[in-house]
Amino acid sequence: MTLLIQSIHWLAGLIVLAEALNKLERTSPTRPGICKRERLLAWLKAVAWGLLAIGGAGAVITPLMQMDAPSLQDMCILLGAAVLIVRTRVKEG
């Protein structure tokens with residue numbers, strides 16, 4: 001069971017990391033010509049995706065660093081984010 005949880009956690013982390021890096025690349029809170037509200041929203045988006053990227057990267061490197069196995073709670077949070085990302089991609093495509 002632990003191997004299954006670790007595998008799901010790793011795969012979800014990889015999905016979240018890839019999407020977060022993709023979104024971060026397209027977010028530009030410092031671009032000229034946007035109003036204060038748009039700039040604030042862009043910064044919040046960048047911070048949120050940055051935090052998700054860190055969390056996803058942590059899940060991806062966990063097996064390599066031989067850290068503690070993820071808890072069921074950790075796996076569910078990351079898997080929930082990954083499912084929402086995949087759902088959005090399927091809906092777009």
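One-based numbering along the sequence shown. Atom set for the values below is all heavy atoms of this structure, side chains included, hydrogens, waters and symmetry mates excluded.
- Listed here is the closest heavy atom pair of Q6 and P70: CG-CD, 3.8 Å.
- Listed for the R31 side chain is a donor-acceptor partner under 3.5 Å among the backbone atoms of S28.
- Closest non-hydrogen pair, D68 versus T62, comes out as O-CG2, 3.7 Å.
- In this structure the side chain of L21 never reaches within 4.5 angstrom of the side chain of W49, judged on heavy atoms.
- The structure places OG of S71 at 7.5 Å from CD1 of I77, a figure rounded to the nearest 0.5 Å.
- Atom NZ of K23 sits about 11.5 Å away from atom CG of L52, to the nearest 0.5 Å.
- Tracing side-chain contacts under 4.5 Å through hydrophobic residues (I, L, V, M, F, W, Y), one never reaches L17 starting from L51; they form parts of separate clusters.
- L11 and I8 fall into different hydrophobic clusters, where Ile, Leu, Val, Met, Phe, Trp and Tyr are joined by side-chain heavy atoms under 4.5 Å apart, directly or via other members.
- The nearest pair of heavy atoms linking A46 to T27 is CB-CG2, 3.9 Å.
- We find the CG-CD1 distance between L78 and I15 to be 9.0 Å, quoted to the nearest 0.5 Å.
- Looking only at side-chain heavy atoms (C-beta outward), R87 and V90 stay at 4.5 Å or farther from each other.
- Hydrophobic cluster membership differs between I85 and I54, with clusters built from Ile, Leu, Val, Met, Phe, Trp and Tyr side chains linked at under 4.5 angstrom.
- From L84, atom CG reaches atom CZ of R89 across 13.5 Å, with rounding to the nearest 0.5 Å.
- Shortest non-hydrogen contact noted between H9 and M75 is CD2-CA, 3.8 Å.
- Grouping the Ile, Leu, Val, Met, Phe, Trp and Tyr side chains by contacts below 4.5 angstrom, directly or via other members, places V86 with L14.
- For Q66, the CD atom is loosely surrounded, since the number of other residues' heavy atoms within 6.0 Å does not exceed 12.
- Considering all non-hydrogen atoms of both residues, W10 and A59 come closest at CD1-O, 3.8 Å.
- How far CG of L79 is from CG of L72: 10.0 Å, rounded to the nearest 0.5 Å.
- In terms of heavy-atom proximity, L24 sits nearest to A53 at CD1-CB, 4.3 Å.
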